[in-house]
Each structure stands twice: as structure tokens, then as C-alpha cells.
Amino acid sequence: MPRGDSLIEELAAGNKKVIQELYANVFPKITSFVLKNNGEVADAEDVFQKALLQFIGRYKVKSFVVNGSFEAYLYTACKNLWRRELNKKKSMVTKDHIVELVREEDDMTMATLEQEKWELFQEKLAEISENCKKLLQMFFQKVPYKEIVEKLGYNSDNVVRQRIFNCKSQLTKLIKKDSRYNEIKNL
């Protein structure tokens with residue numbers, strides 16, 4: 001499969017071979033994820049198509065580059081879209097209550113915005129020290145402090161808490177310094 005940036009270009013150009021390869025290589029993984037998370041095959045198809053359309057639309061407005069594996073990037077985007085769908089379903093209620101429907105365009109815009117936020121976060125996470133990266137990844141995965149102390153060799157839970165706070169502060173500063181932050185924040 002071509003590199004990520006050329007894949008997006010080919011996808012935006014409607015290259016059927018690239019689309020077929022993505023369906024062959026990535027769609028089964030998305031289907032598996034959706035099925036494991038209260039969905040059906042039709043939901044996986046919807047999420048996958050929305051992600052592809054989101055990439056195409058975004059690329060046509062302003063080209064962007066995928067650093068790393070395009071398949072992993074697409075998988076992450078699909079996971080985020082499915083989680084968003086699950087959250088929307090939680091907020092919908094039975095016929096006895098009012099159901100607020102979101103226009104499809106607004107939904108796609110919000111999904112694109114969330115993807116851009118995620119990309120900025122991932123990019124800035126890659127810029128901090130390896131130690132901070134490991135620490136924050138464990139923290140985000142909800143690894144207990146005692147386990148972090150053991151795995152990374154810290155002296156106590158309090159030291160881990162302080163280090164996490166400092167790492168989160170560094171990450172926040174990097175994100176806020178980036179010009180894209182204000183663009184995304186104000187949308």
C-alpha cells in the first residue's frame with residue numbers, strides 16, 4: 001500500500017483500487033471493533049464510509065499529511081466516530097421524550113474537528129520526553145499509580161502524581177503554543 005499522504009491523495013481522486021485495498025485491509029478491523037462495542041456490521045459500514053468521506057472532504061479543503069501508518073490513522077478515526085455514535089445513542093431517548101436530531105453535515109463537521117484535535121494532541125504528545133510519554137500513556141490507560149511506581153521505578157504514588165501533573169502541564173503548554181490550537185478552540 002502507498003504511503004499515507006499519497007493514499008489520501010488517491011482516495012480523494014476516487015482511486016477504486018485504493019478504496020478496495022482499504023476495505024480489504026482495514027474494514028474487517030473496524031467491523032470487529034464495532035461488533036465488540038454494541039454495534040452491527042451496518043454500523044461498521046457507516047462509520048468506515050463516514051471516515052473516508054471525512055478524509056476526502058478535509059483533504060479537498062486543506063491537504064494534510066498522515067505521519068505513520070494510514071491504516072492505523074483510519075482505524076483511530078473510525079474508533080473515534082463509533083464512540084461518538086455510541087454517545088449520541090446514549091443521549092437519545094424513547095418516543096415518550098424529545099429526541100434532538102443532529103444534521104448530518106453538522107455531525108461530520110464535529111467529527112472532523114474532533115479528529116483535528118486528536119491529531120494535534122498526538123503530535124504534541126510525540127514531542128515530550130520519552131519518560132513523560134510513557135507516564136501519560138499509562139495514566140490515560142488508567143493504570144493504577146502503584147503499578148506505575150513499580151514499572152517505572154518511582155519512589156511513591158505522590159511522586160508519580162507530581163510527575164503526571166508536570167507532564168500534563170508540559171503537554172498543555174505545547175498544545176496551546178501551536179497556532180492550530182486557537183483555530184480549533186474557537187470553532
Chemist: Is there a path from Leu35 to Val47 through hydrophobic residues (I, L, V, M, F, W, Y) whose side chains come within less than 4.5 Å of each other?
Modeler: no
Chemist: Are side-chain heavy atoms of Asn131 and Arg163 found at a separation under 4.5 Å?
Modeler: yes
Chemist: Using only atom types and a distance under 3.5 Å, with no angle test, would you say the side chain of Trp82 pairs donor to acceptor with the backbone of Ile30?
Modeler: no
Chemist: Is the shortest distance from a Lys or Arg side-chain nitrogen in Glu71 or Lys29 to a carboxylate oxygen in the other one below 4.0 Å?
Modeler: yes
Chemist: So, for Phe70 and Phe55, is the gap between ring centers shorter than 6.0 Å?
Modeler: yes
Chemist: Without swapping roles, check the side chain of Asp43 against the backbone of Gly39 for a donor-acceptor pair under 3.5 Å.
Modeler: no
Chemist: Looking at Phe165, I'd like to know if its CZ atom is crowded, meaning that more than 12 non-hydrogen atoms belonging to other residues, nucleotides or ligands lie closer than 6.0 Å.
Modeler: no
Chemist: List the steps, then state whether salt bridge (charged side-chain N to carboxylate O under 4.0 Å, His left out) holds for Glu10 with Lys17.
Modeler: CA-CA 9 Å; Glu10 293 295 321; Lys17 184 179 178 197; over 6 Å; no
Chemist: Over 60° means perpendicular and under 30° means parallel, so tell me whether Tyr145 and Phe139 are parallel, tilted or perpendicular.
Modeler: parallel
Chemist: Spell out, as yes or no, whether a donor-acceptor pair under 3.5 Å connects the side chain of Asn15 to the backbone of Leu11.
Modeler: no
Chemist: Would a 4.5 Å heavy-atom cut-off, applied to side chains only, mark Lys124 and Ile128 as touching?
Modeler: no
Chemist: Does the side chain of Phe48 come within less than 4.5 Å of Leu22's, by heavy atoms?
Modeler: yes
Chemist: Are Ile19 and Tyr75 linked, directly or through other ILVMFWY residues, by side chains that come within less than 4.5 angstrom of each other?
Modeler: yes
Chemist: Do Val143 and Val159 sit in the same hydrophobic cluster, where Ile, Leu, Val, Met, Phe, Trp and Tyr count as joined when their side-chain heavy atoms come under 4.5 Å apart?
Modeler: yes
Chemist: Using 0.5 Å steps for rounding, measure from the SG atom of Cys167 to the CG atom of Leu125.
Modeler: 10.0 Å
Chemist: What's the separation between atom CG in Leu136 and atom CD in Gln141, rounded to the nearest 0.5 Å?
Modeler: 11.0 Å
Chemist: Under a 4.5 Å cut-off applied to non-hydrogen side-chain atoms, are Tyr23 and Gln49 in contact?
Modeler: yes
Chemist: Are Asn158 and Arg161 side-chain neighbours, meaning at least one heavy-atom pair lies under 4.5 Å?
Modeler: yes
Chemist: For Lys168, does its backbone N or O pair with a side-chain atom of Thr172 as donor and acceptor, under 3.5 Å?
Modeler: yes
Chemist: Could you go through the side chain to side chain contact (heavy atoms under 4.5 Å, CB included) check for Lys133 and Glu130 one step at a time?
Modeler: CA-CA 5 Å; Lys133 236 182 282 185; Glu130 281 303 313; 2.7 Å; yes
Chemist: Contact between Asn155 and Val149 at the side-chain level, heavy atoms closer than 4.5 Å - yes or no?
Modeler: no
Chemist: Heavy-atom count around Glu40 CD within 6.0 Å, excluding the residue itself: above 12?
Modeler: no
Chemist: Heavy-atom distance under 4.5 Å between the side chains of Val34 and Glu85, does that happen here?
Modeler: no
Chemist: Among pairs that include at least one residue of residues 140-152, which meet salt bridge (Lys or Arg N to Asp or Glu O under 4.0 Å), considering only residues two or more places apart or in two chains?
Modeler: Lys146-Asp157, Glu147-Lys151
Chemist: Got a second to check how far Met138's CE is from Ile164's CD1, nearest 0.5 Å?
Modeler: 9.0 Å
Chemist: Given ring pair (Phe, Tyr, Trp, His ring centres under 6.0 Å), test Phe140 with Phe121 step by step and report yes or no.
Modeler: CA-CA 13 Å; Phe140 294 141; Phe121 172 80; 5.7 Å; yes
